Undergrad: 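Pasting in a structure now, in structure tokens, and then I'll have a few things to ask.
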Amino acid sequence: MTTTLAAAWTGHDTRLIGATVLAIAVIVVLITKAKQHPFLALILGSGVLGLVGGMPVDKLIKSFSSGVGSTVASVGVLIALGAMLGKLLADSGGADQIVDTILRRAGDRTLPWAMALVAALIGLPMFFEIGLVMLIPVILLVAKRTGKPLLMLGIPALAGLSVLHGLVPPHPGPLAAAGALNANVGLTLAFGLLVAIPTVIIAGPLFGRLAAKMVPDAVAPERLVPESSSSDGRRPGFLATLSTVLLPVVLMMGKALADILLEKENHLRRVLDFIGDPLVALLAAVLLGMFTLGRSAGFTRDKLSSTVADSLPPIAGILLIVGAGGGFKQTLVDAGVGNVITSLATGANLSPLLLGWLVAVAIRLATGSATVATVSAAGIVAPLAATMDPSHSALLVLAIGAGSLFFSHVNDAGFWLVKEYFGLSVGQTLKSWSIMETVISVVAIALILPLGALL
């Protein structure tokens, strides 16, 4: 194995890896020591990566710009719609209604567990970023009302979202990996849930208590904490509020099931594919929320308009940071860093499950994208899956998904979302969010490997 890897390693590969390490170091130093805004640090870090890595200047600028554009066009629009829905929830009293119900049903000891459960339910068919922007008003309001440490409540919710995103279909990563490996989606879903439950427990409520001690002074930015309802005592009912919040969940779940069960030419599938698209689903929830939330709280047209408008300024900085993170990620991909890691991994003589996990870990660390890591790793180990039985090919999908979550850091858009929404420094985000992601990845593969040995 060593000879194969050494033969595959070239001077250009060394240069790319060195450029990646240097670029990440520049970003961290600019933010933590020079106190520069993350948006500026990510732009400069991308420039260092491209120039030191030998990218032509025109290609460097094009890569960064296309990364920013594609990220803002996808994640950015969803964040904006999620912020609108969150503001409607907060101003109408809908968030208060959800929080009151959670607090009535859950005691102090079970509150983190309740947050993990709510996040897992909402996050089942959703991208991580969408689930986060929808949950943020609830997380921050529960923390404000109970006085509990922010991370004791936030980490369980983040764990619930992240585990479902990486391990359980119908999320795009596991679905893409299942397709590449010809794995049975039903088996993947069943094994995914089996692994997900203990993983969420360990990385969520249990690690959340430790994270709250490691970062005891975490306080959400005041501009993001929902104010008390301004609806003069009128607020929407719990069922109306819950229906509005879960509408995108139901629509996206319908799309996912249609993609699995129906042929591409089926008219029902085409309809469900359209209304279950994340953008359409969240837009539908915002429009529905104007009636179920705004009207129930007695909002006038002017009040509805101002509520929606007021939701956008607080997330402007977040959108720019996430967009620049997407630019940095695209620069990594176009520079060929991911290809270097994948070419080195092909000669490794390891267990297929462990190999799939390690390849996904390496690509995740290099590119920052869980989905890119999942799809790339699945492509590398696909030949190994051809000789596997259905159970082991499903477990290989999960091993790759677990690796794709390993140690999120400055080249991951999710890192910046969590940092900004929870008001953390880079160091605090590394000690909480990044370690939580690593715990998820390690616990999941520690459960998957014995399953593979037993089956």
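Source: prediction; values computed, not measured.
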Undergrad: Is there a side-chain contact between V142 and K148, using heavy atoms and a 4.5 Å cut-off?
TA: no
Undergrad: Check residues 304-319 and write down every donor-acceptor pair under 3.5 Å in which the side-chain atom is one partner and the other belongs to a residue at least two apart or another chain.
TA:
| residue | atom | partner | partner atom | Å |
| --- | --- | --- | --- | --- |
| S306 | OG | D302 | O | 3.3 |
| S306 | OG | K303 | O | 2.9 |
| T307 | OG1 | K303 | O | 2.8 |
| S311 | OG | V308 | O | 2.6 |

Undergrad: Can you measure from CD1 (I445) to CG (L354) and round to the nearest 0.5 angstrom?
TA: 6.5 Å
Undergrad: Are Y421 and I139 side-chain neighbours, meaning at least one heavy-atom pair lies under 4.5 Å?
TA: no
Undergrad: Excluding sequence neighbours, so at least two apart, what forms side chain to side chain donor-acceptor pair (under 3.5 Å) with D217?
TA: Q428
Undergrad: Name the one of I24, V29, L30 that satisfies side-chain contact (heavy atoms from CB on, under 4.5 Å) with V26?
TA: L30
Undergrad: If a pair satisfies side-chain hydrogen bond (donor to acceptor under 3.5 Å, both in side chains) and one of its residues is in residues 392-404, list it, with sequence neighbours excluded.
TA: T374-S404, D389-H392
Undergrad: Looking at F238, I want to see if its CZ is surrounded by more than 12 non-hydrogen atoms of other residues, nucleotides or ligands under 6.0 Å.
TA: yes
Undergrad: Sequence neighbours left out, what passes side chain to side chain donor-acceptor pair (under 3.5 Å) with S162? Give chain and number order.
TA: E437
Undergrad: Side-chain donor-acceptor pairs under 3.5 Å in residues 182-199, sequence neighbours left out?
TA:
| residue | atom | partner | partner atom | Å |
| --- | --- | --- | --- | --- |
| N184 | OD1 | G186 | N | 2.9 |
| N184 | OD1 | L187 | N | 2.8 |
| T188 | OG1 | N184 | O | 2.8 |
| T199 | OG1 | V195 | O | 2.7 |

Undergrad: Side-chain donor-acceptor pair under 3.5 Å between T292 and T244, yes or no?
TA: yes
Undergrad: Any salt bridge (Lys or Arg N to Asp or Glu O under 4.0 Å) pairs touching residues 198-214, not counting sequence neighbours?
TA: none
Undergrad: Holding to side-chain contact (heavy atoms from CB on, under 4.5 Å), I want the full list of residues that pass it with A116, two or more places apart in sequence or in another chain.
TA: P156, V200, P205
Undergrad: How would you list, by chain and number, every residue that makes a side chain to side chain donor-acceptor pair (under 3.5 Å) with Q330, sequence neighbours excluded?
TA: D334
Undergrad: Taking C-beta and beyond as the side chain, do L49 and T20 meet within less than 4.5 Å on heavy atoms?
TA: yes
Undergrad: Apply side chain to side chain donor-acceptor pair (under 3.5 Å) to N411 and list each qualifying residue two or more places apart in sequence or on a separate chain.
TA: H409
Undergrad: With sequence neighbours excluded, tell me which residues meet side-chain contact (heavy atoms from CB on, under 4.5 Å) with A402.
TA: L167, W357, A444, I448
Undergrad: Excluding sequence neighbours, so at least two apart, what forms side-chain contact (heavy atoms from CB on, under 4.5 Å) with V286?
TA: L81, M84, L85, L88, M290
Undergrad: Once salt bridge (charged side-chain N to carboxylate O under 4.0 Å, His left out) is applied, do any residues pair with R295, and if so which ones, sequence neighbours excluded?
TA: none
